[in-house]
Structure formats: C-alpha cells, structure tokens
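One structure is given here, and the rest of the page talks about it.
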Amino acid sequence: MTIKPFRALALCSLLLASAFSAWAETETPAEELESLKKSVLALNRDLLILEEELLYPDSTQLVVFLSLDVGEFFSLDAVKLMVDDKLVASELYTERQVSALVRGGIQRLHLGNLKNGRHEISAFFTGKGPMGREYKRAATISVDKQDQPTVLELQIMDSEALEQPTFSIRHWQL
C-alpha cells in the first residue's frame with residue numbers, strides 16, 4: 001500500500017479534527033479529558049500501523065522470532081542474527097527476559113526489508129550449556145524470498161536423547 005505524504009498528512013488532520021470534535025461534545029471536563037485521551041490513543045495506533053505498512057511492505061518484509069523450550073541443558077545469554085553476512089540484530093538477555101521466554105513467551109527479534117531472491121540467514125547463540133560450560137552454537141537457513149512476508153522462528157530446545165540443547169530455524173508458511 002503506497003500512501004503519498006500529503007494524503008497521510010490529510011488523514012492525520014482529519015483524525016485529529018474528529019478527536020477535537022468529540023472532545024467538544026462531552027459534558028464535564030473529566031469526560032472531555034477521557035474522550036480526548038481515547039482519541040489520541042486511537043490516532044497514535046493508526047499512525048503506528050500506517051508507519052509499519054509504509055516502512056515494511058508485505059512484499060519485502062522479513063520477520064524473525066525467538067522461542068525457547070529449555071531449562072535443563074541451556075541458559076541463554078545472547079543472540080546475534082545475520083542476513084547475508086550482515087549483522088541485523090543482536091540481543092543480550094537478562095534473567096527476567098529469559099524467564100519470560102522459558103514460560104512460553106516469544107520475542108520479535110527482527111523486522112526488516114529483504115529483496116526478492118536467495119538469502120542466507122544465520123543465528124549465533126551463546127549461553128551456559130550442560131554442566132555450566134560456555135556454549136556457542138549457530139543455525140543457518142537459506143531462504144528464497146518471494147513477494148510475500150518471510151517469517152522465521154529461531155528455536156532453542158532441550159534434547160533429552162542427546163542431553164544437550166538443539167538450535168534450529170523454522171520457516172513459517174503463511
């Protein structure tokens with residue numbers, strides 16, 4: 001979706017005008033303030049959605065998520081994400097963040113644009129492995145980018161059979 005800057009400005013002006021007209025129709029100052037807050041929040045949400053659509057169109061979008069299913073064999077410290085040998089995301093994790101991921105949370109690690117064609121995505125994981133040893137592993141996937149969003153999930157899982165963590169990259173089919 002392509003929106004010209006003038007149309008976006010006109011849309012913002014229209015939304016702001018409707019917020020002020022809603023503000024003028026209420027009765028008490030407290031109701032007026034609450035109505036104005038709601039209108040501003042709705043306007044902010046709409047502007048954020050519009051900004052994301054303009055900056056990251058579906059045809060070039062790459063989204064990478066991180067999930068954990070660990071506890072016994074690996075404790076995550078950091079992740080680095082590379083696309084075609086260029087660093088696009090790097091994250092150091094606190095205990096609180098790791099705890100949220102272990103409880104089933106999922107993190108959007110990267111949102112960006114990627115040209116159509118073949119690309120290599122690599123993720124590097126560091127942390128503590130079995131018996132408290134320093135652990136650094138990598139996972140790589142080649143993707144053929146098409147005119148639709150590409151969504152990947154970096155998965156870290158405990159393997160009971162191997163008694164160590166496994167690292168993989170899963171391509172979501174939309």
Side-chain angles (χ1 to χ4, degrees), residues 1-12 15 41-71 73-94 96-129 134-162 164-174:
M1 176 174 136
T2 305
I3 296 179
K4 303 210 183 281
F6 178 74
R7 287 186 182 166
L9 184 59
L11 177 65
C12 292
L15 290 172
L41 287 174
L43 177 62
N44 188 40
R45 182 195 69 230
D46 293 342
L47 288 174
L48 287 174
I49 291 169
L50 178 63
E51 178 185 28
E52 190 168 297
E53 287 176 356
L54 290 173
L55 292 176
Y56 308 107
D58 285 348
S59 63
T60 63
Q61 194 174 82
L62 169 69
V63 185
V64 181
F65 294 97
L66 173 74
S67 68
L68 297 179
D69 184 13
V70 296
F73 302 116
F74 186 72
S75 175
L76 181 65
D77 287 336
V79 172
K80 289 184 181 181
L81 182 67
M82 310 273 287
V83 176
D84 296 328
D85 295 325
K86 294 179 186 165
L87 183 66
V88 294
S90 180
E91 184 81 30
L92 293 173
Y93 292 93
T94 64
R96 191 172 183 187
Q97 290 171 314
V98 171
S99 175
L101 289 168
V102 167
R103 287 191 317 264
I106 190 164
Q107 177 197 11
R108 184 173 77 178
L109 188 64
H110 176 69
L111 171 63
N113 293 318
L114 194 62
K115 294 179 184 177
N116 287 351
R118 195 144 208 56
H119 300 278
E120 186 171 294
I121 314 291
S122 302
F124 300 91
F125 308 92
T126 56
K128 300 275 188 215
E134 291 292 323
Y135 216 72
K136 185 173 184 178
R137 292 291 186 268
T140 301
I141 189 173
S142 289
V143 296
D144 190 20
K145 178 72 175 102
Q146 302 295 322
D147 283 338
Q148 59 191 18
T150 299
V151 181
L152 303 174
E153 179 183 1
L154 307 178
Q155 295 178 318
I156 306 172
M157 298 182 295
D158 275 348
S159 172
E160 295 291 331
L162 301 173
Q164 63 181 4
T166 60
F167 305 89
S168 63
I169 302 175
R170 188 177 120 210
H171 190 222
W172 289 1
Q173 299 299 324
L174 302 177

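- Nearest heavy-atom pair, Lys136 versus Thr126, reported as atom, atom and distance to 0.1 Å: CG-CG2, 3.6 Å.
- Dense packing is recorded around NZ of Lys145, with more than 12 heavy atoms of other residues, nucleotides or ligands lying under 6.0 Å away.
- The two residues Thr166 and Ser159 come nearest to each other via the heavy atoms CG2-CB, 3.7 Å.
- Note that the CG atom of Leu152 and the CH2 atom of Trp172 stand 9.5 Å from one another [nearest 0.5 Å].
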Next on the checklist: Between His110 and Leu62, is the side-chain contact (heavy atoms from CB on, under 4.5 Å) condition met? List the steps.
Outcome noted: CA-CA 8 Å; His110 176 69; Leu62 169 69; 4.0 Å; yes
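- Taking OG of Ser122 as the start and CG of Asp85 as the end, the distance is 7.0 Å to the nearest 0.5 Å.
- The distance from atom CD1 of Ile121 to atom CE of Met82, rounded to the nearest 0.5 Å, is 11.0 Å.
- Put simply, the side chain of Lys115 never gets that close to the backbone of Arg118: no donor and acceptor are under 3.5 Å apart.
- Taking each heavy atom of Ala78 and Leu92 in turn, the nearest pair found is CB-CD2, 3.5 Å.
- Of the possible polar contacts, none joining the Thr60 side chain to the Asn113 backbone as a donor-acceptor pair under 3.5 Å is found.
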Item to check | Worked check of side-chain contact (heavy atoms from CB on, under 4.5 Å) between Leu114 and Val83 | outcome: CA-CA 9 Å; Leu114 194 62; Val83 176; 3.7 Å; yes
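- Looking at heavy atoms from C-beta onward, Ile49 lies in side-chain contact with Arg45 at the 4.5 angstrom threshold.
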Next on the checklist: Using side-chain contact (heavy atoms from CB on, under 4.5 Å), reason through Leu76 and Ile156 one step at a time and then give a plain yes or no.
Outcome noted: CA-CA 9 Å; Leu76 181 65; Ile156 306 172; 4.0 Å; yes
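- In this structure, a donor-acceptor pair under 3.5 Å is absent between the side chains of Ser67 and Gln155.
- The CZ atom of Arg137 lies 12.0 Å from the CZ atom of Phe125; values are rounded to the nearest 0.5 Å.
- Nearest approach of Asn116 to Gln146, heavy atoms of both residues: OD1-O, 3.0 Å.
- Here the closest non-hydrogen pair linking Ile106 and Leu66 is CG1-O, 3.3 Å.
- Residues Gln61 and Thr150 fail the side-chain proximity criterion, which asks for heavy atoms closer than 4.5 Å.
- Asp77 places none of its side-chain heavy atoms less than 4.5 Å from the side chain of Tyr135.
- Thr94 and Gln97 get closest at one heavy-atom pair: N-OE1, 2.9 Å.
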Next on the checklist: Evaluate Phe73 against Lys128 for side-chain contact (heavy atoms from CB on, under 4.5 Å), listing each step before the verdict.
Outcome noted: CA-CA 8 Å; Phe73 302 116; Lys128 300 275 188 215; over 6 Å; no
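- Taking NZ from Lys86 and CG from Leu81, the interatomic distance works out to 13.5 Å, rounded to the nearest 0.5 Å.
- Going from atom CZ of Phe124 over to atom CG of Leu154 covers 11.5 Å, rounded to the nearest 0.5 Å.
- The closest donor-acceptor contact from the side chain of Asp84 to the backbone of Glu120 lies under 3.5 Å.
- Aromatic ring orientation, Phe74 versus Phe167: perpendicular (interplanar angle above 60°, classes split at 30° and 60°).
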